[in-house]
Each structure stands twice: as structure tokens, then as C-alpha cells.
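First up is the structure itself, then whatever we jot down about it.
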Amino acid sequence: MREFQFDVRLTLRAPVLSQASGARAYGVDTAGLRDSSNLPALPGSLIRGNLRHAWKALRENFPGRNEIPSEDETKAWFGAESETGTDDEPCRGWARFAEYWTVDKRTVEQRKDKGVRHRIERNQEKGAVESGSLQVIESPFSTGESVVYSGWIRAWCRDAAEADRLAQWIRKGLEYVPALGALKGAGFGRVLKVEVSHQPVPSSPGAASSVDPKVTAFGIVLTLDRPFCFARSHPPDSNRYESEDFIPGGASKGAIARRLRQSARDTGPLDHPAFPLLCQYFDVLRFTHAFPAMAANTVRPVMPPLSLMIGPKDATPDPPDNLYDVALRDGPGLIHNRAPAFSMDWKDKHFGMAYEKCGWGKPPERCLIIRTEINPKTGTAFKNKLFATECVTPDGHRWLANVDLSKVAENDRKQIIEELEKLLAAGLDRLGKTEAETKKIEILPGCPAPALHSYPLIHNGLAVVTLQSAARLSCPTRGGSCRPMTRSVCLKHIKMPGRSFPATAKPITAWNWCASLPGSNWWAAITSGGASSTTKLPTIRRYSPCPAACLYCGPSTNRQRKRNSRGGCKAACPSSPPRREAKTGAGRLIWPPMVTVRSPSISSCTGI
């Protein structure tokens, strides 16, 4: 397998329009899409969709021509919708398209008199302009002008012959497309010429290692080429996806796994002859979430703990707000004779104070990308296919993560580090819904310094643990010992894999589980073993109300559910509240989350 790059030049006849969300200037009704350099552009998804439709039309119009890419080949190259029963597992294609296909700077005209054009709708009876039907369209090119858009397609091919065939059908498919973009029926975006060239993608040699082979962890810094979206939880019927600010560690590890399969077409176990130890130890490698930091900063942010409160800075009549960490208070109380506020009562400025203190600084900008599906027969948008993606813009930021090698044999760490550096030199791709790629990956000799340092680990037998990623809980009846906690402050999110069902329905085969969210605090009582005991994460004694259709308790009405939340749920239920006679909590950690341990050696109420 070898990765090839196909460079494509599309010559279109102006005017050309690919609509952007929002207006670019005051008084413009329809704005044209532009890239980060403010050049007119066509989205790569538009090129991929038109190629897909062109190949389908060629098969229908010329049946029996076996050289035309088949339907299965089309799905393999360009991807397809997730199949039913796969839990929405993405079915991505082998080919990757550039985010934007742009015009060369020298061809962009700067004349203001040709910056916009106007369209109207005429009343059929009166022959006059219909009221309110004037449309102002951004148009940087003169009518009839030839405009060249350039972009690339990358794909894994078995050999040069397959690459030649793919290049041929990319050219034929785009030549079959009559026009690209919006308002094609009005003469916009006529395709005049298609040029395709291809060559193998050169391999990137790894740089000299700067990581000490004796370390158990080191840092990586990711710089991305486009906005990305790792969607937060949302209703199943929602057509809007809102991204997290961070890059999940699982996404980074998954991108590395694709590289280890030698190509995007392999589906078997990891087995790459150039990375033997990396394949062998891949399951025990751990990649933390990559948190954002300003471009010149190498300090990694931390999640604000839920033990933070906003209170008055002093006892004056109108004091300014101040942050306090009340992790060590034994009970409720006042600060300067006034009631403090937890995060659920904060305003935007208070969240800004907490995140700034924890090293987050100015958050990355966000942009809205709107997409829809086009009907190949009519050339218009399908109904109910519009969706919006709120993405994080990477400009001015980098993302910092840690790579944990603690479970790799000490004798093999040097080679593992060398293999990782060689693989990361080629970059990572297909990150998130926008299939973002890394422009640059830096490898740090050690882990990036956290914005807030931990105190000495153990003090008087206690340690305060703050989650940096979500932790999943399991039922104690499924094995594992539990140790008591002194107390905890946790936010939890109920999730249920598989389809949901109403409260009156018969329970299906599923498992309710509870995830403690980042920032949750646990007060761990260390009984033996010293500092090393904290590596065994303790039990949580915090519980969530029994859901409407619990597998242990069966379907219940709202009134029964309220009673369950006060203690009526069965003892074996993972959502059950604690019993007085219980000596252990109802949940234990079943995977190691990212944690920050804070010692209670500070005062019981500390301003930060």
C-alpha cells in the first residue's frame, strides 16, 4: 500500500458561488465561502459529493461498462452513511479531500464595482419586480471570466496502476459535472476544464529523539489545519453538534492506530513491520486529552475543581469577587459573613475567573459550519437533511497532551519512543467530524507543566483527587473491592448504550451507567501503602437517582421514581442511594481517568 496525492485544477466560468453561513458585509444577502486567507473557496465536501453523483450517473447512463467504479467502490472511496445496528459507527472513505479548494491570489480581483451582483424576482402578472425580492450576492469575479480552483485528494492505493485508474475517473467524473456550487440553474459555476496529476506522498523522516528513554511519560503539542468538532452529548433528534474545546485522547490514539494499519483500507489487527513494538504495546499506551493553550504557551491547563466557590474578597461593604477552594471544610459556612456560591450559581465572569486561574486563558474562537445533502436528480437540497456543526477554530492555539509509557517494559521504552516519533512525524488525520489534520506535531522531552501544581500527595492520611476526564462507574456486584471515601463532590451524567425505551415498556438488554464528569472532587482516605496506594483509585459514595426504566428495578412511574431516589431502589442497582448499613459505595472505577491529586495540607478555606 502507498498513499498518493491527486492535485486537481478546476477551471470554472464566473460567476461562481458557494454559500457561506452569515453575511460578509453589511447589505449582502448571500455571502461566498472564503478560507482563512480570505480567498474565495469551494468546500472539499462539495467536490466529493459531486464526484459521487457523477460516478452514479455514469453507471446508470452507461450500463455494462465495467471500468466505471462500482457502487461498492464508490462507498469505499468516498464513505457512506453509518449502517443500522452499528451504534452509528462512521463508515469513512479511503480518500481524503482538502478542506478548501481555493483560487490563486493573483486571480482575485479587488475592484469594488464588481464585488456584488443583484438578482430579482418578477411578478408574472404585472411584469414588475416582486416586492421584497431583491437579492444581493457577493461576486468577486467578472461574468464570463475563467477562474481556476485548486485542491488535492489523498488516497491509499495498492499500486501505481490503481492510482492511475483513480486519477482517470476523478478527471472523468468532474468533467461529467456540468456546474459546481449554488445557482447552477442561473448559469453559475460552469465547469470548463479539469486537470489531474498525481504522485506518491513522500514519507517524513523522524527527527532525532529528544525524550529521555528513562521517563515514563512525555508531552506532545498538536497544531491543526482546520476547525474541528468532537461533539458533546446532544439529543438524538438534534441537527446541531457542539464541539468540546479539547481533543479526546481516544481520538489521538485512534488516528495513530490508522497509521499503524499501513493504510486506511486495512481492518485486521495492528501489524506494521516498521513499528513492531508500538503494535505490541499499543493497548497499554495512554494518551490524555489535549487541552488548548495559546500558541506561545507550553503550560497545560487543568479542569477547575468543583470545590471552587465565589465569595467576597474582604469584609468591606461592596467587596470584589474572589475564588476560594473549600475542599477541606468539614461543613457549610460563610466567607466574611456572606454566603459563597458554587458553580451552578456562577455568572459568565465567574467561570472566566476559574478557567483563567486554571490556565485556560482566552478560549479558542468558534465557527458554525452548515451542511446539507443534495438530491442528485433535482440538484436541490433534500428535506430534513440540514445539520450544523459548531467547531473550534485552531487559529492562535495549540493542544497539549501527555503520552503515558508507565506500563511499557523499561528495556523497550527507548524503541517505543523512537517509533512514536517516527510515526508522529507523518502527522495525524481524520480528527473529529471535520476530519481535521495536524499541520505540526511537537514532541516535548517531558510532560508539559500543569497550570496548577499538586501539593505533596498525602497529608494526615487524606488526598483530594480532581478528575481531569470523565470516570465511568460500575456495579459492585460485578467484582472488585471497594474502599470507603470520606466525602465527594461529583457531577454525574446518566448514559444508556443502545436505544431508549419509554417507562411503560419492557426493559431491553442494556446497562445503565454513571459517569462522573471532569472537575469532580474525591476525598480519599489512604489506609496503607503510603503514596503508592493512590494509584488504586478509590470508591465513590455519590449516587444518582434511579432512572425511569432501571434494569434492576423494572419500569416505574414518576412517583415511584421519586421514591426510589430517596432509597426505594433495589440494593443491587448501580443507581441506588447508600444504605445506612452499607460499608462500601455502590460504584468503583473501571478505567483509570486523568486525575490531579491535591493534598489537604493547605488551610480549610483557601483563596486562590
Side-chain angles (χ1 to χ4, degrees), residues 216-224 227-233 241-257 282-295 297-306 351 354-355 358-361 363-364 366 390-394 397-407 420 424 428-434 436-438 441-444 446-454 465-472 490-493 495 515-522 537 589-598:
T216 59
F218 62 92
I220 57 175
V221 182
L222 308 179
T223 304
L224 302 187
F228 67 84
C229 177
F230 294 98
R232 296 169 178 167
S233 298
Y241 303 95
E242 182 180 357
S243 177
E244 299 281 6
D245 285 331
F246 58 84
I247 300 175
S252 302
K253 193 171 183 179
I256 292 176
F282 188 78
D283 288 341
V284 300
L285 296 180
R286 179 168 165 265
F287 293 79
T288 65
H289 291 346
F291 290 153
M294 299 300 290
N297 193 3
T298 57
V299 175
R300 187 168 179 267
V302 297
M303 296 300 299
L306 294 181
F351 284 103
Y355 276 88
C358 293
W360 290 82
R366 289 177 174 257
E390 183 181 312
C391 300
V392 175
T393 303
H397 285 78
R398 305 184 302 173
W399 276 259
L400 282 66
N402 296 327
V403 181
D404 184 9
L405 308 175
S406 58
K407 294 186 178 181
L420 266 174
L424 293 176
L428 302 179
D429 54 51
R430 301 197 174 188
L431 295 170
K433 290 186 174 294
T434 61
E437 300 185 12
T438 55
I441 299 180
E442 301 176 48
I443 297 181
L444 304 178
C447 295
L452 293 179
H453 294 277
S454 298
V465 179
T466 302
L467 280 184
Q468 298 299 294
S469 65
R472 181 179 173 184
C490 299
L491 285 181
K492 296 190 176 178
H493 182 65
K495 293 185 177 181
S516 294
L517 300 184
S520 297
N521 278 359
W522 302 337
L537 295 176
L589 295 177
I590 63 172
W591 72 57
M594 294 179 289
V595 299
T596 295
V597 179
R598 300 181 298 138

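- Put simply, the side chain of T223 does not reach to within 4.5 Å of the side chain of T438, judged on heavy atoms.
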In sequence, state the C-alpha distance, the side-chain angles, and the governing distance for L285 and D404, and then conclude on side-chain contact (heavy atoms from CB on, under 4.5 Å).
CA-CA 6 Å; L285 296 180; D404 184 9; over 6 Å; no
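- Nearest heavy atoms, G219 versus P448: CA-CD, 3.7 Å.
- Between S252 and L222, the closest side-chain pair of non-hydrogen atoms falls below 4.5 Å.
- Between the CG atom of N297 and the NE2 atom of H397 there is a distance of 9.5 Å, given to the nearest 0.5 Å.
- A side-chain donor-acceptor contact under 3.5 Å links W360 to the backbone of V302.
- Rounded to the nearest 0.5 angstrom, H289 NE2 and E244 CD are separated by 8.0 Å.
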Tell me, with the steps shown, if T298 and V221 meet side-chain contact (heavy atoms from CB on, under 4.5 Å).
CA-CA 8 Å; T298 57; V221 182; 5.7 Å; no
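- A donor-acceptor pair under 3.5 Å links the side-chain atoms of T434 to the main chain of P227, judged by distance alone.
- The line from CG of D245 to CZ of R232 is 6.0 Å long, rounded to the nearest 0.5 Å.
- Listed for the K433 side chain is no donor-acceptor partner under 3.5 Å among the backbone atoms of C391.
- Salt bridge annotation for D283-K407: absent, with no cationic side-chain nitrogen under 4.0 angstrom from a carboxylate oxygen.
- By the ring pair (Phe, Tyr, Trp, His ring centres under 6.0 Å) test, F351 pairs with W346, sequence neighbours left out.
- Heavy-atom neighbours of Y355 OH from other residues, nucleotides or ligands within 6.0 Å: at or below the threshold of 12.
- Nearest approach of A451 to G359, heavy atoms of both residues: CB-CA, 3.5 Å.
- Taken to the nearest 0.5 Å, the CG atom of L224 stands 11.5 Å off from the CG atom of D429.
- At least one side-chain heavy atom of I256 sits under 4.5 Å from a side-chain heavy atom of L428.
- Expressed to the nearest 0.5 Å, how far OG1 of T466 lies from CE of M303 amounts to 10.5 Å.
- For the pair F230 and F246, the minimum side-chain heavy-atom distance is 4.5 Å or more.
- Heavy-atom minimum distance, C358 versus P305: SG-CD, 4.5 Å.
- A search for ring pair (Phe, Tyr, Trp, His ring centres under 6.0 Å) contacts involving Y241 returns H234, not counting sequence neighbours.
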CA sep, side-chain torsions, deciding dist, call: V392, F228, side-chain contact (heavy atoms from CB on, under 4.5 Å):
CA-CA 5 Å; V392 175; F228 67 84; 3.7 Å; yes
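- At a threshold of 4.5 Å between non-hydrogen side-chain atoms, the residues T288 and R300 count as touching.
- None of N402, L444, L420 except one satisfies the side chain to side chain contact (heavy atoms under 4.5 Å, CB included) rule with F218; the exception is L420.
- Annotation: the span from L431 atom CG to C229 atom SG amounts to 12.5 Å, rounded to 0.5 Å.
- The minimum heavy-atom distance between W399 and T393, with the atom names listed, is CH2-O, 4.4 Å.
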